[in-house]
Amino acid sequence: MTTKCFVLLIALAGCVYGKSNYKLCVPAPYLKDCQQMLDVETKSKAIIECVPARDRVECLSYIQQRQADFVPVDPEDMYVASKLPNQDFVVFQEFRTEDEPDAEFRYQAVIVVHKDLPINSLDQLKGLKSCHTGVNRNVGYKIPLTMLMKRSIFPKMNDHSISPKENELRALSTFFKQSCIVGTWSPDVKTTSAWKSQYNQLCALCQHPDKCDYPDDYSGYEGALRCLAHNGGEVAFTKVFYVHKFFGLPLGTIPAKPSPENPTDFRYLCVDGTKVPVGGKPCTWAARPWQGLIGHNDILAQLSPLREKVKQLADAGATSKPDWFTKVLGLSEKMHHVTDNIPIKPTAYLSKANYTDVIERGHGAPELVVRMCVTSNVALAKCRSMSTFAFSRDIRPILDCVQQSSEEECLKSVQDNGSDLTSVDDLGVASASKKYGLHPVFHEVYGEKKTPNYAVAVVKKGTAYNNIEDLRGKRSCHNSYGSFSGLHAPLFYLINKGKISTNSNECVKGIGDFFSRGSCIPGVDKPEYNPKGTDVSSLKKLCTTDNTPLKCLQDERADVAFVSSADLHNYDESQYELLCLNRETGGRDALSKYTTCNIAMAPSRTFLAAKTSISDVSIAHTPLSLAQLLDTRIDLFNIYGEYLKNNNIIFNNAATGLQTTEKLDFEKFKTIHDVISNCGIA
Ligand SMILES: *[C@@H]1O[C@H](CO)[C@@H](O)[C@H](O)[C@H]1NC(C)=O
Ligand SMILES: *[C@@H]1O[C@H](CO)[C@@H](O)[C@H](O)[C@H]1NC(C)=O
């Protein structure tokens, strides 16, 4: 709030005329939408200002530091907010549905059973056939697990030789006789399919047990009830709203509807083991609170104008649903009934729904922790922020952060079990594995296609080169000395194809002998790369002031450019194409075909682990799940973006995802590393 109401007279004037300024924090990509929202005419004269931040996580810090006043959030973000030091957040408006404007919670988790099911305690759920909405979902998975794991009869989930997720799946498949829990069980495709065959009872009650994925008639809120009523299920975990819908019962503003299903055949099962009729007051376990607006405590001094303004904006956008409606205010098609609540701290807001228990759900002591080693204060801050965010979204193991002074120290720390993972760039994946006995677990991928980068050879269209031999005696330009695409990949290729001798320490010079009309490898003459003072003049012969390989091709100073697929967006597809040196027969292809037409796959920034008691699946689970969750939601937390004005912190800015590393690719990088090490480089 820029208006300072506590400054007496001016303040009164400001308040009376309602000319209050409120800073709404908005993820930077939505700033335009926010500005469009400001053009909307409302009766309220309260003035909103749009303050851009990196993402919602940064918005929370902005509010805490008074750079902004409020932001729309999910209950999970309220949890993140509550963990910031010295925070004084308040939740002051809820976004409810038009269907249930008077409901206290967005949804309430219930257990539905057949009326004659002979049980009178939750423990007797053991051995039954269970129906769920899907893996990782609130009422069908997280809430039942939170509740069941408190009971001593439920299998323990703290076996650290398998991942927390596998512990859950194993416990559920042991506890229930058969189930239907569809979905992506692991962010790694191979792990999901391995688990689906190992724990196949968890899919047995599905319509398509072999697929065990969406869409399935027996998945989702209503599907769980269908599974109960028509597919042999004995207990269903779903939410009240859909129980009413399934049985045609009235709820909120929704009238009763005819339904072929008979509610009198079913009961809600309560915590104490009693049963109550479906349609009456349900006994619930936990609820998911409504989304809403969160601000700092100072906002309470002048809340009404803002609340009115938000309500009027919500009404103004309700019919046409402009982009700002969802992106900026966080409202949606279904949820746009804005309700004032008594301002409440986020922790209290979550606790009254029992939702804190659900968010903090563990696996029994000792909780598995995966320690990431980082080398700077800013990386440490980012790691901690990622840790809280992932934790709020039920992603386990818990991520912990360890700081060391350098990459070397981090590698040693992983080797000595002071931490569990750390990252290296380029061929560091091969040298670090060799030196410290580490192995790659996952790596970054780039671009829209989410692939590693590739070292590629670019040639001008209409030229006659089709294979490496055609390039002998020609001219080459390269990305700089020390880069994989500019030096390591072409050098390895030439050596591997027998075009350059490896007998001497002078294989780099061999590049010059092959491309005998000259080359440009920027940096080749730096003393640190050339301690023996080998004559490398032919390798810088083509260099000018602008050493980019693209410029070199454009000026027709070279016949081929050795670059990375990451650079290709700068190249004109109508003028240049790729030489497919990876193919036995050579040939050419369009620039966009770099995954199949290249010299070699380049090592991404890769995260390494040691062989310890924690499995790779466990180590990869948290970062990969986080990447998967944020794939379509960088507005929540842009983990690849600039972080506090720093680049490439933990992840490269250019990364667009994370992927499990294949052993075969790793072996190739080791081979390349070995070969070029013999040349005295890398
Ligand atoms: C929270 O848990 C208590 C005790 O288990 C239960 O009685 C209550 O209904 C739960 N609250 C909600 C909102 O489900
Ligand atoms: C590694 O360190 C952790 C944390 O100190 C410890 O719990 C674990 O037992 C250690 N693992 C090995 C294999 O020593």
Side-chain angles (χ1 to χ4, degrees), residues 75 78-79 91 94 96 100 102-112 121-123 125 138-151 154 158-164 237-243 251 268-276 280-290 341 344 346-373 387 397-404 410-422 436-439 441 608-616 618-619:
M78 297 179 192
Y79 183 83
V91 180
E94 294 175 11
R96 299 187 181 179
E100 297 184 273
D102 300 321
E104 190 182 359
F105 302 111
R106 177 169 170 198
Y107 44 76
Q108 293 172 285
V110 288
I111 304 182
V112 186
S121 145
L122 288 192
D123 288 350
L125 288 175
N138 273 294
V139 298
Y141 188 87
K142 281 153 64 174
I143 294 178
L145 263 176
T146 309
M147 174 264 297
L148 287 171
M149 67 172 288
K150 289 181 181 163
R151 314 195 69 91
F154 196 71
N158 56 0
D159 176 357
H160 289 188
S161 68
I162 58 174
S163 72
F237 299 93
T238 186
K239 67 185 187 185
V240 175
F241 185 86
Y242 279 92
V243 171
L251 184 71
Y268 288 128
L269 183 67
C270 308
V271 199
D272 60 5
T274 58
K275 301 186 194 116
V276 302
K281 185 173 162 26
C283 39
T284 65
W285 304 102
R288 184 150 194 263
W290 297 107
N341 62 304
I344 181 172
T347 40
Y349 187 76
L350 299 173
S351 295
K352 73 185 167 80
N354 297 343
Y355 202 64
T356 313
D357 269 6
V358 178
I359 289 180
E360 294 185 340
R361 181 171 73 85
H363 296 79
E367 292 294 338
L368 184 63
V369 170
V370 166
R371 301 159 298 170
M372 177 185 276
C373 188
S387 169
I398 294 166
L399 182 65
D400 196 3
C401 311
V402 172
Q403 186 178 7
Q404 292 291 344
C410 270
L411 291 165
K412 273 188 212 150
S413 162
V414 175
Q415 182 182 37
D416 302 342
N417 189 33
S419 53
D420 301 302
L421 80 162
T422 192
Y436 300 99
L438 309 182
H439 64 277
V441 182
L608 303 164
K611 284 198 179 58
T612 60
S613 48
I614 307 181
S615 71
D616 288 356
S618 288
I619 289 175

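Each residue takes its place number in the sequence, starting with 1. Read the numbers this way: they start at 1 and go in the same order the structure lists the ligands and their atoms.
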Do [X] and [Y] sit within salt-bridge range, that is, some charged N less than 4.0 Å from a carboxylate O?
X      : Y      : value
Arg151 : Asp123 : yes
Glu104 : Lys352 : yes
Asp102 : Arg96  : no

Which residue supplies the protein heavy atom nearest to [atom], what is that atom called, and how far is it?
atom                    : result
atom 2 (O) of ligand 2  : Asn417 ND2, 2.5 Å
atom 13 (C) of ligand 1 : Phe105 CE1, 3.5 Å
atom 12 (C) of ligand 1 : Thr284 OG1, 3.4 Å

Mode of Trp285 contact toward ligand 1 - side chain, backbone, both, neither (heavy atoms, under 4.0 Å) =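 Under 4.0 Å from ligand 1, Trp285 contributes backbone atoms alone.
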Side chain, backbone, both or neither: the part of Thr612 lying under 4.0 Å from ligand 2 by heavy atom |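 None of Thr612 does.
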Would you kindly specify which portion of Arg371 sits under 4.0 Å from ligand 2, judged on non-hydrogen atoms: side chain, backbone, both or neither?
->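 Side chain only.
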Is the closest protein non-hydrogen atom to atom 4 (C) of ligand 1 under 4.0 Å?
->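 Under 4.0 Å from atom 4 (C) of ligand 1, zero protein heavy atoms found.
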Protein heavy atom under 4.0 angstrom of atom 9 (O) of ligand 2, is there one?
->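 So far as the 4.0 Å threshold goes, atom 9 (O) of ligand 2 is out of reach of every protein heavy atom.
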Atom [atom1] in [X], atom [atom2] in [Y]: separation rounded to 0.5 Å?
X      : Y      : atom1 : atom2 : answer
Cys373 : Leu608 : SG    : CG    : 11.5 Å
Leu350 : Arg288 : CG    : CZ    : 10.0 Å
Ile614 : Ile162 : CD1   : CD1   : 13.5 Å
Leu399 : Met372 : CG    : CE    : 5.5 Å

Could you tell me whether some N/O pair between Val271 and ligand 1 is separated by less than 3.5 angstrom?
->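 Among all N and O atoms of Val271, none is under 3.5 Å from an N or O of ligand 1.
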When only distance counts, is Asn354 in polar contact with ligand 1, meaning an N/O pair under 3.5 Å?
->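 Min N/O separation from ligand 1 is below 3.5 Å for Asn354.
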